[in-house]
Amino acid sequence: MLPALVVFDCDGVLVDSETIANRIMAECITAAGLPITYEDCRSRFVGGTLQRVIDTVEQWLGRPLPPDWKADFETRRDAAFRAELQPVPGVAAAIETIRASGVPICVASSGNLEKMDLTLGLTGLKEHFEGRIFSATMVARGKPHPDLFLFAAEQMGQMPETCVVVEDSLLGTAAGIAAGMRVLAYAAETDSDALTAAGGQTFTDMRALPGLLGIGATARMGAAD
Ligand SMILES: [Mg+2]
C-alpha cells in the first residue's frame, strides 16, 4: 500500500548542506573560544535546531556566546550555501517520481523557514514543496520529540501511522519513530548501524527511494501525463 504522505527532512535529505554548515559551525565555535572539529560538530549537532547547538556550546563554555555570534554564523553559512550548495544526489528525480504517483509530499525541518527558503530555492527544489514547508519553529519541541512530524501530518490532513518520514539524522529518526511513523533513513553520511538502532530502515541511494515507498516504474508511467 502506498503511504498517504511522505515527510522529508531537509538538511542531508533534500539539500547537501551538512558538510558546508558543520564546517562553518566548527570555525565559528572555535573562534568563540571552544576548539571543536568538523567531525565533532557533525556527530553532536546534526538534525537539531541551531538553538540546541547554542545552548550546548554555552553550557560547555560556562558563559554566553557573544550577542552577534548567531547572526555571524548564519551570514557566513548562507554565503557558503550560495557558493556551494547542491541537492542531495538523485533526490530531484526521486521527488518527481513520487509526485507523479500522486503521493503527497512535504518538508519538516529543524531549520527555520528563512533557511529552507534559501536552500530549497538554491537547489531548485522549492517548487515541489510550496505551502507544505514545516519548521521546528512552529512547534513547542524540536527533534527528537515527535511534535514536528505530528504537526506536519495534521496540517496535511493525514494520520501519523499512514505517513513515511525520510530522515538522515539520529535525532530525526528518533522523532519519526516517536511520532508512530515508518522512517526511511538515508545513511550515505550517517552511521547505518546507529540509524537502524534508532528504528530507521536504512538506504544509501536516493534512486531507491520510490521503490522503498512502493512506487514502481509501472505506477510512475501510469500516473504520468
Ligand atoms: Mg537532516
Side-chain angles (χ1 to χ4, degrees), residues 6-26 38-53 56 73-74 77-78 80-81 84-92 94-95 105-120 122-123 125-126 128-129 132-139 141-149 151-152 163-179 181-192 194-206 209 212:
V6 181
V7 186
F8 284 88
D9 173 50
C10 187
D11 295 291
V13 168
L14 297 176
V15 302
D16 212 348
S17 56
E18 294 294 8
T19 303
I20 299 168
N22 285 283
R23 185 185 79 224
I24 305 294
M25 181 167 288
Y38 159 82
E39 289 79 11
D40 274 345
C41 279
R42 275 205 83 126
S43 64
R44 289 174 187 276
F45 298 135
V46 165
T49 62
L50 181 53
Q51 191 56 50
R52 188 173 178 275
V53 174
T56 304
F73 164 72
E74 289 177 321
R77 177 200 65 192
D78 291 355
F81 282 164
E84 304 172 41
L85 189 63
Q86 298 291 324
V88 165
V91 82
I95 288 168
I105 60 174
C106 68
V107 183
S109 171
S110 295
N112 62 31
L113 292 176
E114 293 75 15
K115 180 185 172 191
M116 282 189 274
D117 193 59
L118 176 67
T119 62
L120 293 173
L122 285 169
T123 52
L125 298 172
K126 199 168 131 190
H128 295 300
F129 298 101
R132 289 167 286 129
I133 300 177
F134 307 108
S135 164
T137 59
M138 299 171 170
V139 296
R141 302 177 302 174
K143 303 171 187 179
H145 296 288
D147 304 30
L148 177 57
F149 288 132
F151 178 75
C163 302
V164 176
V165 166
V166 186
E167 262 289 352
D168 69 308
S169 73
L170 295 174
L171 288 175
T173 298
I177 295 297
M181 300 177 183
R182 179 185 176 206
V183 178
L184 297 176
Y186 182 59
E189 295 185 7
T190 311
D191 181 63
S192 182
L195 288 168
T196 302
Q201 179 187 344
T202 60
F203 68 109
T204 55
D205 187 338
M206 278 296 170
L209 181 59
L212 291 168

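All ligand and atom numbering here is 1-based and tracks the order in the structure. Quick note: numbers below take in every heavy atom, side chains included, and nothing from hydrogens, waters or symmetry partners.
For D9, the N/O/S atom at the shortest distance from the Mg ion (ligand 1) is named OD2. Of all the N, O or S atoms in D168, the one closest to the Mg ion (ligand 1) is OD1. Within D11, the N, O or S atom at minimum distance from the Mg ion (ligand 1) carries the name O.
A donor-acceptor pair is defined here as one N or O able to donate and one able to accept, closer than 3.5 Å; no such pair exists between the side chain of T190 and the backbone of S169.
A search for ring pair (Phe, Tyr, Trp, His ring centres under 6.0 Å) contacts involving F149 returns nothing, not counting sequence neighbours.
By the 30° and 60° cut-offs, the orientation of the rings of F203 relative to Y186 is tilted.
A donor-acceptor pair shorter than 3.5 Å cannot be found between the side chains of N112 and T137.
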